[in-house]
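Let me begin by presenting the structure, written as structure tokens, before commenting on it.
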Amino acid sequence: MRSKFLLGAALMASALFTAPTMAQAPIKIGEMNSYKNFTSFLDPYKKGWELAVEEANAAGGVLGRKIEIISRDDNGTPGDAVRVAEELVSREGVSFLIGTFPSNVGLAVADFAKQRKTLFIAAEPLTDKIVWDQGNRYTFRLRPSTYMQTAMLIPDAVKTGKKRWAIVFPNYEYGQSAAAAFKKLIKQQIPDAEFVVEQATPLGKIEAGLVVQAIADAKPDAIFSALFDADLAKFVRESSQRGLFKNLPVFTLLGGEPEYLDPLKDETPTGWYVTGYPWQYIETADHKAFIDAYRKRYNDYPRMGSVVGYATVKTAVAALKKAGSTDTEKLVAALKGLEVSTPFGPVKYREIDNQSTLGAYVGRLGIRDGKGVMTDWHYADGAKFLPSDEEVRKLRPAD
Amino acid sequence: MTVLSASGLVKSYGGVKAVRGVDLRVDAGELLALIGPNGAGKSTCFNMLMGQIAPDAGRVELLGADITGQAPRRIWRQGVGRTFQITATFASMLVRENVQTALMSRHRRLGNLFLSATKLYAEGALALLERVGMADQAERPCSVLAYGDLKRVELAMALANDPKLLLMDEPTAGMAPTERQAMMALVAKLARESRIAVLFTEHDMDAVFTHADRIVVLNRGRVIAEGEPADVRADELVQRVYLGGGTMFGHV
Amino acid sequence: MDFSSIVVQFLNGLAGASSLFLVAAGLSLIFGVTRVVNFAHGSFYMLGLFLAYSLAGRFGGTPTGFWISLLVSALVVGVVGALVEIVILRRTYRSPELFQLLATFAVVLVIKDVALAIWGADSLLGRRAPGLSGSFQFFGKVIPAYDLVLIAAGPVVLGLLWLIVRRTRFGRLVRAATQDREMVGALGVNEAWLFTGVFFLGSFLAGLGGAIVLPREPANLSLDIAVIADAFVVVVVGGMGSLPGAYLAALLIAEVKALCIAIGDVSMFGYTVSFSRLTLVVEFVVMAVVLVVRPYGLLGRPSATPRAQVAIMAASRPPRGRWILLVIAVLAVAPLLIDRYSIVLLNDVLVFALFAASLHFFMGTGGMISFGHAAYFGIGAYAAALLLKRAGLQMEVALTLAPVAGGIAALFFGWFCVRLSGVYLAMLTLAFAQIAWSIAYQWDALTGGSNGMVGVWPAAWLADKAAFYWLTLGVTVVGVLWLWRMASSPFGYGLRAGRDSPLRAEALGIDVRRQQWFTFGVVGAVAAAAGALYAFSKGSISPDVMGIQRSVDALVMVLLGGVHSLVGPLVGAAVLTWLQDEIIRDTEYWRGLLGLAILALVLLLPQGLAGARDLWRRKPA
């Protein structure tokens, strides 16, 4: 009864208001992120997606319609994120959702997408679970996961031949799974490797002096870190003040991303192995086009977040084009195996687990003109750092 | 019949001995006044009898049963009502509700989470208020009452458990002189009618010598005199130490 | 780990203790004299650090410039604190004490957004102290030179404060006011200026605490809440009003933290215990242990126990039956008239109304303050999720059992808490909430750790948003009416008796602690019911359902609506939820706007939103 009533009301409303404008109405995409919580990454991220939207619309839009992104802050909590998602879907009537940063928010929205049968393209959450343990057919993810980025550091780590490892990571999903992935992968290559100390530090509140000392006391031969942002800055300063780790190989995930590297300035620890984004030096045509457009638009250089935001919208546009429709099921089908051109080159959304093959740059830290830069870098293609299909099938529930 | 007897009560704070060996006895229907200069140890004695403070040594018996060091609420259950020097009532409640609460406690109903209590024991409460002359103010909030009226409400609450003993710490403090006499007369009447033993402290000597059956005088934590008002009044030591040459006797 | 390592870690701990002590000392002074629980104290610390970042960045190239920059930063913060006292708090001293809490919370929001506007949201790591950026050798280990400055700062400031308090007229007044507030007025002292002076000194110390860690701690916008929690812990562990106690507590916490990190992982009987992970909650564990063993903190005295209790108020009566029916009727038909998202939003409002009502009962009728009310909400949410996902029970069963779990947990916490009173009790509730939070955060295998749990969706017949809304409405109505009824039940009378006059209540045979203990169980169960509804409405939960922020939200809802009114928490929940949903969409500075709105409310309507009605009624007369 009630649903009939609602249906009637909805039909009437749409007949009255929306029908005449339907043809020109833009395609609405819902975007949500924790802008207040992770500003250093998400400000450039926002610029990135805005640029991509402008480009798409300047080129005449998609399917003859403009693209409009409706963006919301999700407060960095899953509860608020789910509410915001509901608002975007049911009140704003967006065709699908993109965005999110922390793992728990990404997972909550992914589950919401599954429940509501709404497409969700996760931009940044690094958790492995979003495409594996808790993956679902409506959720796709752009960035290389914690596992993939850790795997990218493994070849160099193995080359050092070190056996006594210290591990330090922020005490939440990303850090924990980075540490677990590192231990598993290094053990595969160096079976007699041992982990002499593990420090799990509260996110954003590392007691760097104490942690640095505790690591030094364990006398490791090499260090793996998943610290980033303020935690990384403190860790670097406290270790350099004490003159520790000068001669140890240190591997730190994400350490080469401009968001986290730039604040270190002349304190940048030279020689550390990192994943990141050496924007100054990438000469590929795809990247050239991107960086020129970005500089022209914002008079600033892009950060890692800019690339993520830009590539996320690029993905959305490509999916719409391929699907030829805003229908969720058609979009999901289109995203399976979809190829997208990004500043890092073409990537593909894998059919097996909805993960894109976007990679990351691996290199070492150096200082040039008092600023931190990446040296000896190379691009690590995401496709090469994923487990075998067989393993993935074991991890991921059937759609 | 002896209702309360205390023997050898001792209490010290830090190095200071507030009470150094006090014996007391109150009989049913008797008004016993505990007097003494400031710092004599009256309040400490009182608080030991009621269980607010545990004595360092000594013993308190109620109708022959040892109640030394028991919590106030357990002592109350055995039939001891109390009023405070600075009146303590439940300011957020009506006068009637104050007494109702006391009755609910008596009947062990305070664990009930579902019943509406607005009518519970309302009649009993009114009857008690009647006894202290406060029935006409039953529906007023406690927070607006005059001080003397609050003392009466306190008394009604203290009576809610049909006490065998009333401990009253300065029952007339802060009252006008006429109110004081009326209050003490009321207490005396209640004591006689219901055979309640009353132990009270008081600064107002008129009230003490008019209404007390017996008087115990404390000084520096010790009993220095004990007896009927006339004997105490005549006691030389009391004259010298405390009463300061009889000036406080007023019109005697 | 050899001996020299232990010594070095001890020194590291000492360095960490100093800044914590400075902040806590300021908080303790302010509380002691003015009885204001100053939530904004952490914001003063943050402001000090940001100012030092800017000033030292500009003028700190030389040692003189650097140190003057730090000092000026602290002085500026002191002036800000004095202004807050003069402009805002002075107008609230006649209001219930908790209203000042709300006012200082609004200041937190405003300062946060002012800092956002000036410095942005990135973490800013300041410059190193000129001449002290190196380190020196000690037993073959290395200690940064700046750490020595920090190590010295704590005792030096403690000594100076001691001199001020013991040797000056201002100090005598501070002591007098700390022991007996009325006495100061009797001494013929201008109370207003004493309060302003104390606020200046306290805020100055907070600012200094922030400024001196410039070379070690990046300035960022999350410091305010993090630091205020730590400072509260230190003050309470040390004993309110005791400066040496505050230093001792800061030292104890810093050293325990150092120890946890130094120990690292320990394997015992095949299990690995990660002590480094404990650093997440170590201060709260320390506080819980200290308060259980020493109810007034390490050096606190019972006599100095603050009476920070909810002001005694006349029992407010529930609205008339026909109004209640009307509101229920409107809420019941609402889903037929509004869009899907509005249903979701209204569902949130109802859930938080129930949650806030449970806190209101705890505070209003129970006379106790809870800083950790989110614990029960979160335990309800987790119990529901665990019973559904891990135990495989039906959703209906999980929803029914969740309040039982919340009630049992609350009884467990309450058993310890009711042994304390006032701010100590409130802080112990916070400690338990944080411990519960950290368990949810760390126990990956059971709770899903920081990710939480997903797929917590209601049964099929409740999958429709409107259907679930009606369930929420039903539970909320039953819950709220029960709480209202309970306020006038025999239990409620006994509880209010204990709140109004514990002395009298005990002398009437009422076991005050037991009444309070049961209150924990009751409000725990109700809050847990709200939490379970929340979990099923969102489909996923994560540890933030029991984070500090949610406890603070509940407090704000209750205070916003007005403690004096039974409908207050419901109004507060609706307004706060709606505001958060509405302002957040339109401006980046929604926190600051919310803060200003609260301040306006505090200054114009000291009885809360629901008190506006009384004001309205009074006017014509």
Residue selection (most heavy-atom pairs with chain A, distance under 4.5 Å) from [options]:
{"options": "C:V281, C:L223, C:V142", "result": "C:V142"}
{"options": "C:N220, C:D147, C:D444, C:I143", "result": "C:D444"}
{"options": "C:S540, C:A145, C:G452, C:A15", "result": "C:S540"}
{"options": "C:L124, C:D348, C:L116", "result": "C:D348"}
{"options": "C:K141, C:K257, C:R128, C:E217", "result": "C:R128"}

Practice problem: With side chain to side chain contact (heavy atoms under 4.5 Å, CB included) as the test, would you mind laying out the steps for A:E87 and C:V344 before giving the verdict? | Solution: CA-CA 8 Å; A:E87 189 225 334; C:V344 170; over 6 Å; no
Taking [X] for the side chain and [Y] for the main chain, is one N or O donor matched with an acceptor at less than 3.5 Å?
{"X": "A:R237", "Y": "C:P215", "result": "yes"}
{"X": "C:S135", "Y": "A:Q241", "result": "yes"}
{"X": "A:E173", "Y": "C:G449", "result": "no"}
{"X": "C:Q9", "Y": "A:L210", "result": "yes"}
{"X": "C:Y341", "Y": "A:E92", "result": "no"}

Of the non-hydrogen atoms in [X] and [Y], which two are nearest, and what is the gap between them?
{"X": "C:T279", "Y": "A:A200", "answer": "OG1-O, 4.1 Å"}
{"X": "C:G539", "Y": "A:D111", "answer": "O-OD2, 3.5 Å"}
{"X": "C:W457", "Y": "A:F112", "answer": "CZ2-CA, 4.0 Å"}
{"X": "C:P218", "Y": "A:K234", "answer": "CD-CD, 3.2 Å"}

Top of [options] for chain C proximity - count of heavy-atom pairs under 4.5 angstrom:
{"options": "A:V105, A:L88, A:L107", "result": "A:L107"}
{"options": "A:Q115, A:E198, A:E267, A:Q199", "result": "A:Q115"}
{"options": "A:K36, A:R242, A:E259, A:R72", "result": "A:R242"}

At a heavy-atom separation under 4.5 Å, does [X] approach chain C through its side chain, its backbone, both, or neither?
{"X": "A:K114", "value": "neither"}
{"X": "A:S71", "value": "neither"}
{"X": "A:E238", "value": "side chain"}
{"X": "A:R83", "value": "both"}
{"X": "A:V197", "value": "neither"}
{"X": "A:F169", "value": "side chain"}
{"X": "A:Q213", "value": "both"}

If you measure from [atom1] on [X] to [atom2] on [Y], what distance do you get to the nearest 0.5 Å?
{"X": "C:K538", "Y": "A:T77", "atom1": "NZ", "atom2": "OG1", "result": "8.5 Å"}
{"X": "A:D229", "Y": "C:L125", "atom1": "CG", "atom2": "CG", "result": "11.0 Å"}
{"X": "C:L278", "Y": "A:N171", "atom1": "CG", "atom2": "CG", "result": "10.0 Å"}

Practice problem: Identify which one of C:I541, C:V454, C:D544 satisfies the side chain to side chain contact (heavy atoms under 4.5 Å, CB included) criterion when paired with A:P78. | Solution: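 Among the candidates, only C:D544 passes.
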Which bit of [X] comes within less than 4.5 Å of chain A, counting heavy atoms only: side chain, backbone, both or neither?
{"X": "C:Q442", "result": "side chain"}
{"X": "C:F136", "result": "neither"}
{"X": "C:S450", "result": "both"}

Quiz item: Do C:S342 and A:R91 get their side chains close enough for a donor-acceptor pair, meaning under 3.5 Å?
Solution: yes
Self-check item: A:E207 and C:N12 side chains, donor-acceptor separation under 3.5 Å
Solution: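 No.
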Quiz prompt | A:K371, NZ: over 12 other non-hydrogen atoms inside 6.0 angstrom | solution =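 No.
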